[in-house]
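Heads up, the thing below is written out as structure tokens.
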Amino acid sequence: MSVLDRFEKSVEGAVNGVFSKFGSKDLKPVDLSSALEREIDAEAMPVGRDRTVAPNEYRFKLSTADFDRIEQWGSEVLANELADNLTQYAKSQHYAFVGPVMVIFEEDLDLPKGSFNLSSESVQGNAVPVTTTDQAEDHPMLDINGNPYLLTESKTVIGRGSGCDIVIDDPGISRKHLEIDLTPNGVIARDLGSTNGTYVEGHQVPAATLLDGNTITIGRTRILFWASSREQE
């Protein structure tokens, strides 16, 4: 089974097969995923002998009919699925990013149904997905469900909402759940008034200074904190 086949099945399963009920000429998530892979291959640029940087922000312009259908179904869930799928594809191609992968949907009144325009750009972010073994710089790192992220700025917001620096698809997580602060006195995990709380080493805390190897739990998601990405290579 191909990556796109697995992706389409995962998306359809999440919404009880709603997309499988549309006609063959209707726009489907797999069409968007295929377009993203073509776009990242076309726009990835070598910046050194062993480093190829790809855009991390992707913007779809959709017809009114397609935009409304995606909004009704759940554009945030679809955007997160597409971003996760593209991140995994980037790993297979050894592409690097400068920020988290984001997929954005916008309405274009001039486009006919079933058509879309896709553009992309590199946008510096607070958390960078680790997609290659030779990261350029050393930073503190989070491992979230087996996916590593470098913390490159002083504040990183984690949650279920699409505006977070790291988005986690977990119904037990609030839209803005947790903030990781890099301070001169250490790395601090702060709960952002979440519904279900933040746990460090099994203890619920409003805030805690993280030690190398600490485990943070939010919802059903387990996050490992590493003080240095170099130590994990």
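The basis for the numbers below is simple: all heavy atoms, side chains too, and nothing from hydrogens, waters or symmetry mates. Along the sequence shown, residues carry numbers from 1.
With values rounded to the nearest 0.5 angstrom, I216 atom CD1 is found 8.0 Å from F225 atom CZ. Rounding to the nearest 0.5 angstrom, the gap separating the CG atom in L36 from the CG atom in L86 is 5.5 Å. Interatomic distance, S75 OG to L62 CG, rounded to the nearest 0.5 Å: 10.0 Å. Summarising the geometry, atom CZ belonging to R38 is positioned 6.0 Å from atom OG belonging to S34; distances are rounded to the nearest 0.5 Å. To the nearest 0.5 Å, atom OG of residue S33 and atom CG of residue L82 are 6.0 Å apart. Between the CD1 atom in I158 and the CG atom in L178 there is a gap of 4.5 Å [rounded to 0.5 Å].
Between P29 and L78, the shortest heavy-atom contact is CB-CD1, 3.9 Å. When every heavy atom of K113 is checked against every heavy atom of S63, the shortest pair comes out as CA-OG, 3.4 Å. When all heavy atoms of C164 and K176 are compared, the pair lying nearest together is SG-CG, 4.0 Å. Across A127 and T152, no two heavy atoms sit closer than the pair N-OG1, 4.2 Å. Residue A35 comes nearest to F60 through the heavy atom pair CB-CE2, 4.3 Å, listed as atom of the first residue, atom of the second, then distance. The shortest non-hydrogen separation linking W226 to G213 is CZ3-CA, 3.8 Å.
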Under the criterion side-chain contact (heavy atoms from CB on, under 4.5 Å), I'd like the reasoning laid out for N56 against V123: C-alpha separation, chi angles, the key distance, then a yes or no. CA-CA 7 Å; N56 61 297; V123 180; 4.3 Å; yes
Going through the checks in order, is the side-chain contact (heavy atoms from CB on, under 4.5 Å) test met by M102 and Y58? CA-CA 6 Å; M102 296 183 63; Y58 296 81; over 6 Å; no
Go through the steps for V130 and M141 under the test side-chain contact (heavy atoms from CB on, under 4.5 Å), then give the verdict. CA-CA 9 Å; V130 178; M141 187 171 76; 4.2 Å; yes
V128 vs Y149, test: side-chain contact (heavy atoms from CB on, under 4.5 Å). Steps then yes/no. CA-CA 5 Å; V128 179; Y149 295 84; over 6 Å; no
Are S120 and E43 close enough, and set up right, to give a side-chain hydrogen bond (donor to acceptor under 3.5 Å, both in side chains), and what steps lead you there? CA-CA 8 Å; S120 62; E43 297 299 324; 5.0 Å; no
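The shortest distance between side-chain heavy atoms of L142 and L224 does not fall below 4.5 Å. For the pair I144 and I168, the minimum side-chain heavy-atom distance is below 4.5 Å. With contacts defined as side-chain heavy-atom distances shorter than 4.5 Å, the pair T215/V200 does not qualify.
The salt bridge (charged side-chain N to carboxylate O under 4.0 Å, His left out) analysis of residues 159-175, with sequence neighbours excluded, yields the pairs E76-R175. Pairs of residues two or more places apart, or lying in two chains, that qualify as salt bridge (charged side-chain N to carboxylate O under 4.0 Å, His left out) and include a residue from residues 59-68 are E57-R59, R59-E106, K61-E106, D66-R69.
Other residues, nucleotides and ligands contribute only 12 or fewer heavy atoms inside 6.0 Å of the CD atom of Q72.
Side-chain N or O atoms of H177 include none that pairs as donor or acceptor with a backbone N or O of G161 at under 3.5 Å. Using a distance-only test at 3.5 Å, with no hydrogens or angles considered, no donor-acceptor pair links the side chain of T131 to the main chain of A90. Side-chain N or O atoms of D84 include none that pairs as donor or acceptor with a backbone N or O of E81 at under 3.5 Å.
Residues that satisfy the side chain to side chain donor-acceptor pair (under 3.5 Å) test with K91, not counting sequence neighbours, are N147. Looking at residues two or more places apart in sequence or on another chain, you find no ring-ring contact (aromatic ring centres under 6.0 Å, His included) involving Y199.
Under the 4.5 Å side-chain heavy-atom criterion for Ile, Leu, Val, Met, Phe, Trp and Tyr, V101 and V77 are members of the same hydrophobic cluster. No chain of hydrophobic side-chain contacts below 4.5 Å, direct or via other Ile, Leu, Val, Met, Phe, Trp or Tyr residues, connects L27 to L111.
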For residues 92-100, run the donor-acceptor check on the side chains, cut-off 3.5 Å, and write out each pair with its distance to 0.1 Å, sequence neighbours left out.
residue: S92; atom: OG; partner: Y89; partner atom: O; Å: 2.6
residue: Y95; atom: OH; partner: D41; partner atom: OD1; Å: 2.8

Let me have the donor-acceptor pairs involving side chains of residues 182-191, under 3.5 Å, with sequence neighbours excluded, atom names and distances please.
residue: T183; atom: OG1; partner: N185; partner atom: N; Å: 3.2
residue: T183; atom: OG1; partner: G186; partner atom: N; Å: 3.2
residue: T183; atom: OG1; partner: G186; partner atom: O; Å: 2.6
residue: R190; atom: NE; partner: D181; partner atom: OD2; Å: 2.5
residue: D191; atom: OD1; partner: S194; partner atom: OG; Å: 2.6
residue: D191; atom: OD1; partner: T198; partner atom: N; Å: 3.3
residue: D191; atom: OD1; partner: T198; partner atom: OG1; Å: 2.6
residue: D191; atom: OD2; partner: G193; partner atom: N; Å: 2.9
residue: D191; atom: OD2; partner: S194; partner atom: N; Å: 2.9
residue: D191; atom: OD2; partner: S194; partner atom: OG; Å: 3.3

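With no hydrogens or angles considered, no side-chain donor-acceptor pair links N126 and T156 at under 3.5 Å. T64 and E107 form a side-chain donor-acceptor contact under 3.5 Å, judged by distance and modelled atom types alone.
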